[in-house]
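Take a look at the structure set out below.
Below, chains carry the letters A, B, ... as their sequence lines are ordered, and counting in each starts from 1.
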There are 2 protein chains.
Amino acid sequence: MEFRKNQSAGYLLNHLARIFARGLSARIKPLGLTTGTFPALLELWETDGLTQKQLVERLDIEQATMANTLSRMERDGLISRRKDESDGRVQRVWLSERARALRAPAISAALAENEDALSGLSAVEQQQFVALMQKVIETSSGAVDGER
Amino acid sequence: MEFRKNQSAGYLLNHLARIFARGLSARIKPLGLTTGTFPALLELWETDGLTQKQLVERLDIEQATMANTLSRMERDGLISRRKDESDGRVQRVWLSERARALRAPAISAALAENEDALSGLSAVEQQQFVALMQKVIETSSGAVDGER
DNA sequence: AGCACTTGTATAGCAAGCTATGCAATGCTA
DNA sequence: TAGCATTGCATAGCTTGCTATACAAGTGCT
């Protein structure tokens, strides 16, 4: 049985994701942010007032995880959740002033982490890498419509 | 501030790692295995009797996580941990017969998941993708000596 | 209108990741 | 040899991911 962990995409992806997450976590910790809040914040910075369901769909994250993440974010003063006016089941998520103020430093941290972690690749290789990842995501069953 | 999540390596890696983990998890569940046990099993299938510390180093996983994972594996009858003969602090990890018997089906599952998830890439692109990931790992501060 | 079905969200539980801490064993130095 | 520093591992706690379940609100059908 021929199996080499460093030839396995699944193994390498898990390892890389952990490396990046550690790096990002260290950079955003001084901002009082954690990695799990980041994707949600990215969406909300673009469009405030999204429903939890919209976040779930856009980010391909399970509903229960999102509910828990949003609870923590509300606990930490990043968001508030308010019931939608026309549908009593729906919660809309609104950013706090604090969260809005964190946009620039948080994004700087993420860009710096990406730059740092990819510094061993040439500019062309970096583009290739990103393009290949995009393609795998688009062609996998986990694809989220309109991911861009 | 120009930030697009689908241009961010960190974001894409987190997403891909989750997609692969979901797929692998579903495939190894019937074997009674979970994704976190997989890397440790891979190492132990190659070399039985490794210490926890060796596993931690080889896999770039934090000691506490490894201790907990090994506890669960022992609970599930996959391994046993025994004190080293010459150093009272050291625990050596030994595979059970059950774990040995799971090697072939588990590796088949992983190979199938990789093949499936990467099916949208050509053979050349797949090689490129793996090579790029290897390179990022090797050049990052998370590199593990002799990873192969 | 009443009921069955669907939808959106919260909660419980487990795994897997990390940081922090504690304790026993070992190694080093005066 | 004794004291201190270091090492290996277990445990606590939190976050982040998933599956499963429960409940209320909403929708659609008869």
Inset, instruction - Could you tell me whether B/Q63 contacts a base, only the sugar-phosphate backbone, or nothing, with contacts defined as non-hydrogen atoms closer than 4.0 Å? - result: base
Legend entry - Expected output: side-chain B/E43 to main-chain B/R58 donor-acceptor under 3.5 Å: no
Legend entry - Close residues, residues 65-73 of chain A, relative to DNA chain D [heavy-atom separation under 4.0 Å]: A/T65, A/N68, A/R72
Legend entry - Sugar-phosphate, base or nothing in reach of A/T35, heavy atoms under 4.0 Å: sugar-phosphate
Legend entry - Test side-chain contact (heavy atoms from CB on, under 4.5 Å) applied to B/S71 - qualifying residues, sequence neighbours left out: B/R81
Which side-chain N or O atoms in residues 27-36 of chain A pair as donor and acceptor under 3.5 Å with protein atoms at least two apart or in another chain?
from: A/R27; atom 1: NE; to: A/E113; atom 2: OE1; distance (Å): 2.7
from: A/R27; atom 1: NH2; to: A/D116; atom 2: OD2; distance (Å): 3.2

Legend entry - Nucleotide interval of DNA chain C bounded by contacts with chain A (heavy-atom cut-off, under 4.0 Å): C/dT7 to C/dC18
Legend entry - Those residues of residues 37-44 of chain A lying under 4.0 Å from DNA chain C by at least one heavy atom: none
Legend entry - Range on DNA chain D touched by chain A, heavy atoms, distance below 4.0 Å: D/dT15 to D/dG26
Inset, instruction - Please list, by residue number, the residues of residues 76-95 of chain B whose heavy atoms come closer than 4.0 Å to an atom of DNA chain D; answer none if no residue qualifies. - result: B/R81, B/R89, B/V90, B/Q91
Inset, instruction - For B/E125, check salt bridge (charged side-chain N to carboxylate O under 4.0 Å, His left out) against everything at least two apart and list the hits. - result: A/K135
Inset, instruction - Looking at every strand, decide which applies to A/Q52 at a 4.0 Å heavy-atom threshold: base, sugar-phosphate, or nothing. - result: sugar-phosphate
Inset, instruction - Please determine if B/E46 and B/R103 form a salt bridge, counting it only when a charged side-chain N lies under 4.0 Å from a carboxylate O. - result: yes
Legend entry - Paired stretches of DNA chain C - 3 or more consecutive Watson-Crick or G-U pairs, each distance under 3.5 Å: C:1-30 with D:1-30
Inset, instruction - Could you state whether A/W45 and B/F3 fall into the same hydrophobic cluster, counting links through intermediate Ile, Leu, Val, Met, Phe, Trp or Tyr residues with side-chain heavy atoms under 4.5 angstrom apart? - result: yes
Legend entry - All salt bridge (charged side-chain N to carboxylate O under 4.0 Å, His left out) counterparts of A/D87, not counting sequence neighbours: A/R89
Inset, instruction - Please check if the side chain of A/N114 supplies one atom and the backbone of B/S8 the other of a donor-acceptor pair under 3.5 Å. - result: no
Inset, instruction - Remember a base hit wins even if backbone is also touched, and classify A/A21 as base, sugar-phosphate or nothing at under 4.0 Å, heavy atoms. - result: nothing
Legend entry - Sequence-distant partners of B/R82, salt bridge (charged side-chain N to carboxylate O under 4.0 Å, His left out), two or more places apart: none
Legend entry - Within-4.5 Å side-chain heavy-atom neighbours: B/I137 and A/L16: yes
Legend entry - Sequence-distant partners of B/D84, salt bridge (charged side-chain N to carboxylate O under 4.0 Å, His left out), two or more places apart: B/R92
